[in-house]
Amino acid sequence: MHDLILRDARLPGRDAPVDLAIHAGRIVGAATSRGREEVALDGRLVIPGLWDAHVHFGQWARTRGRLDVSAAGSVAEACATVRAATADGLLIGFGFRWATWADAPTAAALDEARPAPTVLLSGDLHTAWVNTAAARELGCRAGLLREDEAFAAERALDASPLPQAAVQDAVRAASSRGVVGIVDLEFADTVEQWSARMGAGIDGLRVSAGFYPDLLDARIAAGARTGVEVDGTRGLLTHGPLKVITDGSLNTRTAHCTDPYPDGGVGVQNVDLDALTALMRRATAAVIHCAIHAIGDAANAIALDAFDASGARGTIEHAQLLADSDAARFAALGVTASVQPEHALDDRDVADELWTGRTGRAFPLRTLLDAGARVALGSDAPVAPLDPWIAIGAAVHRTRGDRAAWHAEHALTVDEAIAASTRGAVAPGEVADLAVLDADPWEAGADALRALPVALTLVGGRVTHAAL
Ligand SMILES: [Zn+2]
């Protein structure tokens with residue numbers, strides 16, 4: 001007897017529905033007997049479960065409870081949102097994008113809006129806007145903090161414990177969107193965090209646990225080869241890549257570019273080629289993959305050089321602006337471009353302003369695929385919501401709402417976008433990580449694709465979400 005049978009499942013590209021049998025966590029093929037449990041899918045589409053290749057899960061779980069300041073178009077508007085908030089004590093807002101604001105955020109403006117401790121984090125987390133009372137509480141400077149100063153303030157905010165209920169809630173929300181796995185690049189010991197979470201019964205997601213250079217020695221000593229399971233997590237938690245942040249971000253004009261920004265700067269390179277190569281060599285010798293944050297074209301070229309010199313395997317995270325000739329290097333070196341398509345829509349106006357004349361090679365998903373490179377889609381949650389359908393919709397339509405597509409020449413097909421958001425296949429012998437859809441993504445319009453309803457999610461044959 002099979003553990004589970006999904007009756008009348010429709011597989012993409014096939015007309016006749018099939019009964020999918022699942023046993024011991026794997027798809028065994030067509031049903032040959034009854035199932036201990038059976039679910040009638042009534043012809044719904046079944047695709048491999050979705051992965052988000054770049055998440056800061058703790059941040060995401062926290063952000064879901066924070067004041068949303070993403071709609072603010074000026075200091076005054078952000079302050080008005082803060083003034084209208086009804087929180088006691090420390091108020092944390094998230095999501096402002098100030099690169100195109102006419103005036104610069106100041107501590108004084110935020111003090112006037114709310115004398116109590118208030119911190120607003122930018123949508124890309126590279127900026128923290130801190131008022132005087134919050135600065136006292138966090139032990140940092142008041143005003144607009146960027147890069148390392150902002151990261152330090154964020155770490156101080158994250159020192160307060162994140163309730164497991166908030167984590168469970170965020171996991172359930174991901175499952176409801178068909179997500180079966182994430183690469184967690186949180187600024188924390190993600191192995192420790194997820195071991196505890198899974199030990200407490202939070203078992204809705206597979207997690208590849210990334211880490212930063214401060215933990216490299218410990219991971220090497222522990223034999224944390226990428227893909228190896230962490231004991232006691234039933235195969236749900238695996239050791240993930242070494243993440244290295246080599247440049248900044250577009251909004252803060254710190255993404256390292258070959259050509260200057262309008263103000264004359266070219267951004268920052270936090271880790272030079274020699275240091276990066278050395279780190280990547282050490283990881284590679286320990287069979288640890290690398291996830292290299294590079295946004296500007298100069299930073300991407302350096303990251304590719306470091307992959308070449310070190311022989312490392314892994315990803316370049318973001319890959320937002322590329323020299324035309326570098327797409328082929330991703331393919332030749334076997335480096336996956338791990339891209340967050342929704343950022344293209346969030347940042348299109350900023351990019352048009354700061355990367356004038358270069359946006360034809362911004363978020364160049366088409367160029368990458370045509371060059372034979374592998375692409376993996378993600379959200380960088382909380383920068384964009386942890387919802388692969390938003391990423392898929394952005395990759396396919398390069399717009400949202402009523403605006404014209406931004407560089408439609410880089411649009412992916414639905415097939416390509418889903419392939420870049422999944423691992424494995426719906427086939428005998430494969431792990432039963434599946435998403436059952438309540439609408440057809442190949443037929444859905446732009447808005448419907450972003451909000452595509454998911455009826456059922458399975459992780460290893462276990463139901464993690466059911467709405468049918
Ligand atoms: Zn990130």
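Along the sequence shown, residues are numbered consecutively beginning with 1. Note that ligands are numbered from 1 as they come in the structure, with each ligand's atoms numbered from 1 the same way.
In this structure, His318 and His54 have tilted ring planes: the angle between them lies in the 30° to 60° band. Classified by interplanar angle (parallel below 30°, tilted 30° to 60°, perpendicular above 60°), the ring pair Trp406/Phe363 is perpendicular.
With ring centers used as reference points, Phe151 lies under 6.0 Å from His126.
One of the N, O or S atoms belonging to His54 lies under 2.8 Å away from the Zn ion (ligand 1). Note on His56: counted as a metal contact of the Zn ion (ligand 1), an N/O/S atom lying under 2.8 Å. Residue Glu317 does not count as close to the Zn ion (ligand 1), with no N, O or S atom under 2.8 Å.
Paired with Leu50 under the rule side-chain contact (heavy atoms from CB on, under 4.5 Å), one option of Leu434, Thr457, Ile392, Val454 passes, and it is Ile392.
The atom of Asp380 nearest to the Zn ion (ligand 1) is OD1, with the search restricted to N, O or S atoms.
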